[in-house]
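Just follow the structure's listing: the first ligand is 1, and inside any ligand the first atom is 1. Bear in mind that the values here come from a model prediction, so they are computed numbers and not experimental data.
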Amino acid sequence: MKIAVAGTGYVGLVTGVALAHVGHNVTCVDIDEEKIKKMRKGNSPIYEEGLEDLMRKNKERLTYTTDYKKAYSDAEVIFVGVGTPERSDGSANLDYVYAVCDNIIESITKNVVVVIKSTVPIGTNDKVEEYLNSHVKKGIHISVASNPEFLAQGTAVRDTLYASRIVVGCEDDLARSVMEEVYRPFTQDPYNVPYLTMNRRSAEMVKYASNDFLALKISYINEISNFCEEIGADITEVTRGMSYDKRIGDKFLNSGIGYGGSCFPKDTKALHYLSVEKDVELKTVKACIDVNKHQKLHLFKKLKEDYGNKNLKGLNVAILGATFKPGTDDLREAPSIDNVKALLDYEVNVSIYDPVGLDRFEKIFGNSINYYDNIDDCIKDKDVVMIMTEWDTIKNYDIGKFSKLMKNPVIYDGRNCYPLSIVSQYKVEYISMGRKEVHNI
Ligand code: UDX
């Protein structure tokens, strides 16, 4: 099939490349010339394992362009995968979605199915369909289908090809049959992805309900973890004990310094906003947002308590990990940002290590901090290390080097990277999340 995809961010580009991989002819549209040039050379504008490989492998079926008119007028199906960033009041900003709609209206000459992949508030697909059909040339009909995306960054390619499920919300037969055709290859060997159809509002809700449930799981375990610190229990033992109950499972139970990224923070706030607007506030979602806000600075609070506000000035702190999680260069809502800001407020000297996120970090903090692409140099002669992201390079780091290289081997670990039984064998101070502190110096 001839498919156009609007937007070449995580959702748009990975979707486009996956659709080409299963045999469709895909044109990826973006307004950013630089990005398009890069992709034409076979380079991905985002760091995502396996993506460039697939872009190159399927280059015969992939076109990248800024010429939306041609792309949309040729297409049988147009996927919309543009961003829906959060407004200051927490609501979703749909400007990019409607900008694509205007381009579609201007371009198409025949009936088409528009698929909304961007995460949008419940009811948006209905409004988009109404908007498109009331503005498009007479005689043309546009069917809108909701098709939420469940990929996680770092595993986006696998999550798309071998998705946990494909959810499609349709209201008419054209959209239903076209979507079945688009996704048929994914429902067959070797992918065998479950394909679920429902009405559009339910499909929109599946996305928010899933993301907010996962965010809630993390906030819940973070609160339990903080409580473990107060009562002398160990969160890793507690979650191990919980995980044998199949209803709970063993996923998303890692306590830490809070969730970040492009989805959980935005989607919790957007759903909460929507519920308040409808006068049926989702109180659990509100609690989840509040807990996460505090959790991001939980480690910093411990540091402040341990050193005292006055003694932070001039302290040399090395931050290990900048990105919101390993496997991505994305810094959106990363706890490292909140912590570095807090440290700078107290005139701490900050150095940071990250394997891929430094360029983006430098755009935020400029020369107010020091940047290192290796851990040894970053921690050398420092008073304190704070771990923000559980990169393998950090998890596999030789713990003995902390006492060899640092002025004072004091480690605050926001991601529980090291087992206590191992850390206890070294001459370090080790303060982690929801576990006993180790004081060996
Ligand atoms: C998430 C969802 O997983 C995905 O299905 C959805 O489509 C988009 O949002 P992503 O934001 O890429 O994906 O990352 P994810 O791996 O889910 O992690 C999100 C955040 O939660 C990270 O900051 C991570 O550190 C944190 N997290 C995750 C925890 O703190 N503890 C956990 O146990 C798991």
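Leu303 CG to Met386 CE: the interatomic distance, rounded to the nearest 0.5 Å, is 5.0 Å. Rounded to the nearest 0.5 Å, atoms OG1 (Thr160) and NE2 (His21) are 11.5 Å apart.
Residue pairs satisfying the ring-ring contact (aromatic ring centres under 6.0 Å, His included) criterion with at least one member in residues 214-252, sequence neighbours excluded, are absent. Applying the salt bridge (charged side-chain N to carboxylate O under 4.0 Å, His left out) test to pairs two or more places apart or on separate chains, none has a residue in residues 208-227.
Under the salt bridge (Lys or Arg N to Asp or Glu O under 4.0 Å) criterion, Lys266 pairs with no residue at all, not counting sequence neighbours.
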Distances only, to 0.1 Å: what are the N or O pairs between ligand 1 and the protein that fall under 3.5 Å?
unit_1, atom_1, unit_2, atom_2, d
ligand 1, 5 (O), Phe150, O, 2.8
ligand 1, 7 (O), Phe150, O, 3.4
ligand 1, 7 (O), Leu151, O, 2.9
ligand 1, 7 (O), Lys207, NZ, 3.2
ligand 1, 12 (O), Gln153, N, 2.6
ligand 1, 12 (O), Lys325, NZ, 3.3
ligand 1, 14 (O), Lys325, NZ, 3.0
ligand 1, 16 (O), Lys325, NZ, 3.0
ligand 1, 23 (O), Gly260, N, 2.9
ligand 1, 23 (O), Phe324, O, 3.1
ligand 1, 31 (N), Asn254, O, 3.0
ligand 1, 33 (O), Leu253, N, 3.4
ligand 1, 33 (O), Asn254, N, 2.9

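Under the 6.0 Å cut-off for aromatic ring centres, Tyr131 and Tyr98 qualify, their centroids lying closer than that.
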